[in-house]
2 protein chains.
Amino acid sequence: MTNIKDLAKMSGVSVSTVSRVLNNHPYVSAEKKAAVLKAIECTNYNRNINAVHLSRGKTQLMGVVLPVTDTPYFALLLKGIAKRALENDYKLVLFQIDYAEEKEIEALQMLKQKQIDSLIICSRKCELALIQEHIQYGTIVLCEKTTEKSLPSVFIDHYEIFFQALEYLYQKGHKKIGYSVGRKTGSNSSLREQAYRDFLEKYKLPFYSDYIMDDCLYFEDGEKVMQRLRSMDIQPTALIITSDQVAAGIMIECQKEGISIPEQLAVIGFNNEPIAKMMNITTIDIPLVELGGDLFLQAYHGYNSNKQISVKLIERETV
Amino acid sequence: MTNIKDLAKMSGVSVSTVSRVLNNHPYVSAEKKAAVLKAIECTNYNRNINAVHLSRGKTQLMGVVLPVTDTPYFALLLKGIAKRALENDYKLVLFQIDYAEEKEIEALQMLKQKQIDSLIICSRKCELALIQEHIQYGTIVLCEKTTEKSLPSVFIDHYEIFFQALEYLYQKGHKKIGYSVGRKTGSNSSLREQAYRDFLEKYKLPFYSDYIMDDCLYFEDGEKVMQRLRSMDIQPTALIITSDQVAAGIMIECQKEGISIPEQLAVIGFNNEPIAKMMNITTIDIPLVELGGDLFLQAYHGYNSNKQISVKLIERETV
DNA sequence: TTGTACGCGTTATCAG
DNA sequence: CTGATAACGCGTACAA
């Protein structure tokens, strides 16, 4: 492995000059530059990027923490992040965490250890305080509405949109409304539950705990939802499903079982994935790719702002 | 930022001893070890991992090249890779390339520059020769059947399975068979076209170029396929669709238009995604998560082998 | 069991 | 414009 020193020797200049050529610094004579360039040619020289990182204290690496990558929500978020990363010549270190907190902490560690310059946390398991502690080591951007304003974030207001969806269903005559989430833990789910409880409160509606169904992430979970529905004494007449994938799965199941939508069961999906358009599912449009892009940009520039992304209900034919 | 030297000073030992403690080396007395540990406690010391990397010449980082992450094929592959990475304490650097060759080359560069120890290339755009050149810098594993045996790979035989699917359809009476692919370029697609042509040859069937439909990656592309079908003078009676997502999209479209499957149109999907099970789509079962895991393991251990993953046809109700 | 001293490859400072 | 030289922070022969 030839290094900068070898190049210097070969081209009859100092290492500084070689470094300058390597980094396109000005103030280096044409001849010397040519000599160095030639030496680089001959030796199939490769800069050891770790040395650069050590010297500079930066890595051009951004960490991305997410639980899984194979659900549309996170896949699209990641797509948006990756797109911007590509544009800005940043590399992404993927922390596909699988909801394991210790791995999340590892990501924080890597920030501390300067292996990554910044970190996007798409879904958080650890305490905010812990994250707070780490912002001194690099930019951290969250994808949730943080109460602590000091943490940068790009988010959608899950409380608001969930409440709005509930109101919409209520206005259509539904009083028994169930909903599904990916995981019950997590700040988004808490917000949704809060909205749900406030909604029930507002209209003096009863709370049935089994109306909240968790672990609904994939298409096939639609089957699970319908099974659970069947096991209920009082079945809901409407469902808010936090993924169009799952909503589509429910549609298919209902079709099989001869349950007509929206007459017998109303469904609101989430994300406005292409599948929702094709199957005419009423859904919440969330610009996930854009959201991902904004996450990247905020982490990239180190802005310390809290940006809300607006979403809207798309009325189609399942309510 | 306190460093190893500060620690040494504080705990009254040498840097080597500190380093030994840090790396759990044997032969360090309990007292000194305790002293160092205490110093570490007090100073909220963090090892600068770049320095470690520079010194060691390794990074515990593995690159993963793939065009997109939001199709089931690549998402599941990535899932498998990420799972094994998690187990083996390896971090992944994601090269979501979007089919841009220059970015693929960048990944190769990073291998050269020692920023990553190894590289998994899930989908290749550049020349094999170029990859060949880079194996001296680290392990590279491909996800295709390479003719050059010197390149490590884990793969499925797309030729074989495609031929098998065609035979299956032929045996069911189909003679006009079309198929879809994600991209026409790419080695998998070439293999499929080869199989397709050989099949036609074998049974003396005519070749219609518009029977090969590309750019079919997402659910919503099912719509596109059906549109193209309608524009054909002689429509195929059967379709092989290289993604269950798309196959499902086709199912939905056909339902809308009153085309009955398999009577009027037979469909074979790919991947055996959950959606295929729910919609009873005959498909090719490809253990993508396992395949991803194997890719990781091979890259991790640096095995130079060519492992074939076997796949099988799952008969359901769309043929 | 411990410490010294050097190497890893590059960048940055500063004097010239 | 150029070149010494000192960091950067850690690992590791080698010597003791």
Side-chain angles (χ1 to χ4, degrees), chain A residues 1-40 43-61 109-117 137-138, chain B residues 1-40 43-61 109-117 137-138:
Chain A
M1 287 274 85
T2 84
N3 63 17
I4 203 177
K5 223 177 259 173
D6 300 332
L7 290 180
K9 210 169 293 171
M10 290 182 58
S11 43
V13 299
S14 72
V15 287
S16 332
T17 301
V18 176
S19 177
R20 289 193 188 98
V21 172
L22 251 24
N23 295 289
N24 274 317
H25 278 296
Y27 308 133
V28 38
S29 72
E31 307 96 81
K32 300 225 174 192
K33 184 167 181 175
V36 172
L37 254 24
K38 199 178 123 205
I40 292 175
T43 53
N44 85 318
Y45 161 78
N46 288 294
R47 189 147 61 163
N48 182 323
I49 216 79
N50 290 315
V52 177
H53 291 335
L54 172 60
S55 196
R56 280 213 245 262
K58 294 241 165 200
T59 59
Q60 294 273 103
L61 246 39
Q109 289 286 347
M110 278 179 65
L111 194 66
K112 245 187 179 175
Q113 301 178 342
K114 302 189 164 305
Q115 190 166 12
I116 53 181
D117 294 343
Y137 304 112
Chain B
M1 287 275 85
T2 84
N3 62 21
I4 204 176
K5 224 178 259 174
D6 301 331
L7 290 180
K9 212 169 291 172
M10 290 183 57
S11 44
V13 300
S14 71
V15 288
S16 336
T17 303
V18 176
S19 176
R20 287 192 191 100
V21 173
L22 252 24
N23 295 290
N24 276 316
H25 279 295
Y27 307 132
V28 41
S29 73
E31 310 96 81
K32 302 227 173 195
K33 184 167 183 176
V36 172
L37 254 23
K38 202 179 120 203
I40 291 176
T43 53
N44 85 320
Y45 161 78
N46 288 294
R47 193 150 53 166
N48 182 321
I49 217 80
N50 291 313
V52 178
H53 292 337
L54 172 59
S55 198
R56 282 212 245 263
K58 293 242 167 197
T59 59
Q60 293 274 103
L61 245 39
Q109 289 287 345
M110 279 180 65
L111 194 65
K112 244 188 180 176
Q113 300 178 341
K114 302 189 164 305
Q115 190 167 11
I116 53 180
D117 294 343
Y137 304 112

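Letters A, B, ... mirror the listed sequences (proteins, then strands); counts begin at 1.
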Should the side chain of [X] and the base of [N] be counted as holding a donor-acceptor pair, with the cut-off at 3.5 Å?
X	N	answer
A:S55	C:dA12	no
A:R20	D:dG3	yes
A:S29	D:dT2	no

Measuring to OP1 and OP2 of [N], would you say a side-chain N or O of [X] lies under 4.0 angstrom away?
X	N	value
A:N50	C:dT10	no
B:Y45	D:dC10	yes
A:N48	C:dG9	no

Nucleotide of [options] approaching [X] most closely (side-chain heavy atoms):
X	options	result
B:S14	C:dA5, D:dC8, C:dG3	C:dG3
A:V13	C:dT10, D:dG3, D:dG9	D:dG3
B:K32	C:dT2, C:dA5, D:dG3	C:dT2
B:S16	D:dG3, D:dC10, C:dA5	C:dA5

- Message: Just so I know, are the side chains of B:T43 and B:D6 near enough to count as touching, which here means a heavy-atom distance under 4.5 Å?
- Response: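 Side chain of B:T43 against side chain of B:D6, heavy atoms only: no contact under 4.5 Å found.
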- Length of the CG-C1' vector between B:L54 and D:dG11, whole Å: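 Nearest whole value for this atom pair: 10 Å.
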- Item | B:K5 NZ to C:dG3 C1', straight-line distance once rounded to whole Å |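 Value for this atom pair: 14 Å.
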- Task: Please determine, by modelled atom types, if B:S14 and B:T17 share a side-chain donor-acceptor pair under 3.5 angstrom.
- Result: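 Result is yes, a qualifying pair exists.
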- Any chance the side chains of B:Q115 and A:H53 put a donor and an acceptor closer than 3.5 Å?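 A donor-acceptor contact under 3.5 Å links the two side chains.
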